[in-house]
Enquirer: 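Below is one structure. I have some questions about it.
Numbering of ligands and ligand atoms starts at 1, following listing order.
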Amino acid sequence: MTSTPVQVRDLKKSYGGFTAVDGISFDIHEGETFALLGPNGAGKSTTIEILEGYRDRSAGEVSVLGVDPQHGGLEWKAQLGIVLQSTGESGNVTVLEQLGHFAGYYPKPRKVAEVIDAVGLGGKEKTRISKLSGGQRRRVDVALGIIGRPKLLFLDEPTTGFDPEARRQFWDLVNQLKAEGTTILLTTHYLDEAATLADRAGVIVGGKLVDIGPIDDIGGHDAKVPLVRWRQDGVVRVERTTEPAALAARLYAEAGGEVPGLEITRPSLEDIYLDLVGNHGGEESEGSAA
Ligand SMILES: Nc1ncnc2c1ncn2[C@@H]1O[C@H](COP(=O)(O)OP(=O)(O)OP(=O)(O)O)[C@@H](O)[C@H]1O
């Protein structure tokens, strides 16, 4: 086992004349949770599917658990946990049957009952998957992703369709997997989810990596500078400053008391991400013509 389970160098993928992934490079270190962020169509799923061995690349080098995914065998695949973007589970079997069946594919599976509890499907063991709600089926997807005790777990928009309680429960589960040393590659459009779970992130726009680094450093140092808002003569004023308390104190002294509408906020990861994507011309990102 390598201490850098995922290594990607100058990865490119074209669909006909359309370049969906345009020369991206990144590493994911052992035990780390790495978030791949980007607008719809940026190339995240294409990248993940190449790493999972589902799609061939057009150019570049990729190593996943020391193996080129284009040549990964069953033993390699058994070390991966995969939660695809779309729900695949709609069968006529029960939750217990489905998980029991999949557990049989792996050399050291987790206990089915444990997994059912971990994804919050306790009480639904004997329910047919076709009778579950959309969010509950998504939990089955997550359960199938972790049943084989993967070394590397791919989570492609795992909490889409989850209610807020289920999302929190899922975050607890991911933290538990992290504590066990699982390396995780996550894509999500929920920036609070990325901020909570990820150690590092890469932001893809139009098939190119526009930023990468520890989650708190995304957007660069200046992106985090706090905003001070207040009202003066009925007009909302906004100033960015690294010393918000000093500005607030000055305003207090000038106003001779409480400052109307005073608010100090730090840009959230979502604010920073939206700036970053906007600056790189991405909204509904469309890659580039080759
Ligand atoms: N099989 C395919 N054939 C042709 N074009 C494709 C194919 N799969 C994806 N694309 C295109 O490649 C680009 C990247 O798609 P991809 O699914 O990787 O984006 P994404 O970042 O995962 O988006 P989302 O957030 O919507 O899931 C898109 O413009 C998409 O239309």
Enquirer: Looking only at side chains, do Glu263 and Trp230 share a donor and an acceptor under 3.5 Å apart?
Expert: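 No, because no side-chain N or O of Glu263 sits under 3.5 Å from a partner of the opposite role on Trp230.
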Enquirer: Under 4.0 Å from any heavy atom of Ala42, which atoms of ligand 1 are there?
Expert: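 Taking each heavy atom of Ala42 in turn, ligand 1 has 19 (O), 20 (P), 21 (O) under 4.0 Å.
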Enquirer: Can you confirm if the NZ or CZ of Lys77 lies within 45° of the ring axis of Tyr54 and under 6.0 Å from the centre of its six-membered ring?
Expert: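 Flagged: Lys77 positioned over aromatic ring of Tyr54.
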Enquirer: Partners of Arg250 by salt bridge (charged side-chain N to carboxylate O under 4.0 Å, His left out), sequence neighbours excluded?
Expert: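 Arg250 satisfies salt bridge (charged side-chain N to carboxylate O under 4.0 Å, His left out) with Glu254 only.
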Enquirer: Does even one non-hydrogen atom of Pro39 get within less than 4.0 Å of ligand 1?
Expert: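 Judged by the 4.0 Å heavy-atom criterion, Pro39 does count as contacting ligand 1.
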Enquirer: Of the choices Gly41, Gly43, Gly206, which has the non-hydrogen atom that lies closest to atom 13 (C) of ligand 1?
Expert: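 When every heavy atom of Gly41, Gly43, Gly206 is considered, Gly41 comes closest to atom 13 (C) of ligand 1.
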Enquirer: Is a side-chain donor-acceptor pair under 3.5 Å present for Ser268 with Tyr273?
Expert: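 There is no such pair between these side chains.
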Enquirer: Has ligand 1 got any nitrogen or oxygen that is less than 3.5 angstrom from a nitrogen or oxygen of Lys44?
Expert: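 Among all N and O atoms of Lys44, at least one is under 3.5 Å from an N or O of ligand 1.
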Enquirer: Heavy-atom contact under 4.0 Å between Glu157 and ligand 1?
Expert: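 Per 4.0 Å heavy-atom rule, Glu157 contacts ligand 1.
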Enquirer: Does the side chain of Ser45 come under 3.5 Å of the side chain of Asp156 through a donor N or O and an acceptor N or O?
Expert: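 Short answer, yes.
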Enquirer: Can you tell me if Lys13 contacts ligand 1 (heavy atom of the residue under 4.0 Å from the ligand)?
Expert: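 No, Lys13 has no heavy atom closer than 4.0 Å to ligand 1.
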Enquirer: Can you list the ligand 1 atoms lying under 4.0 Å from a non-hydrogen atom of Ser45?
Expert: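 Checking each atom against Ser45, I get 17 (O), 18 (O), 20 (P), 22 (O), 27 (O).
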Enquirer: Do any heavy atoms of Gly38 fall under 4.0 Å from ligand 1?
Expert: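 No, Gly38 has no heavy atoms under 4.0 Å from ligand 1.
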Enquirer: Quick check on contacts: which atoms of ligand 1 are under 4.0 angstrom from a heavy atom of His189?
Expert: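 Listed by number with element: 25 (O).
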Enquirer: Between Thr4 and Glu30, is a side chain to side chain donor-acceptor pair (under 3.5 Å) present by the stated rule, with each step listed?
Expert: CA-CA 6 Å; Thr4 311; Glu30 193 172 347; over 6 Å; no
Enquirer: Should one rank Thr187, Leu37, Thr46 by closest heavy-atom distance to atom 18 (O) of ligand 1, which comes out on top?
Expert: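 Ranked by closest heavy atom to atom 18 (O) of ligand 1, first place is Thr46.
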Enquirer: So if I count the atoms of ligand 1 from 1 in the order they appear, which ones are less than 4.0 Å from some heavy atom of Asn40?
Expert: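 Under 4.0 Å from Asn40, ligand 1 has these atoms: 23 (O), 24 (P), 25 (O), 26 (O).
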Enquirer: Can an N or O of Phe18 be found at a distance shorter than 3.5 Å from an N or O of ligand 1?
Expert: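 N/O-N/O distance under 3.5 Å: no.
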Enquirer: Charged N to carboxylate O below 4.0 Å: is that the case for Arg55 and Glu49?
Expert: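 So Arg55 pairs with Glu49 through a salt bridge.
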Enquirer: With sequence neighbours left out, write down each residue that passes ring pair (Phe, Tyr, Trp, His ring centres under 6.0 Å) with Tyr252, or none if nothing qualifies.
Expert: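 Partners of Tyr252 under the ring pair (Phe, Tyr, Trp, His ring centres under 6.0 Å) test: none.
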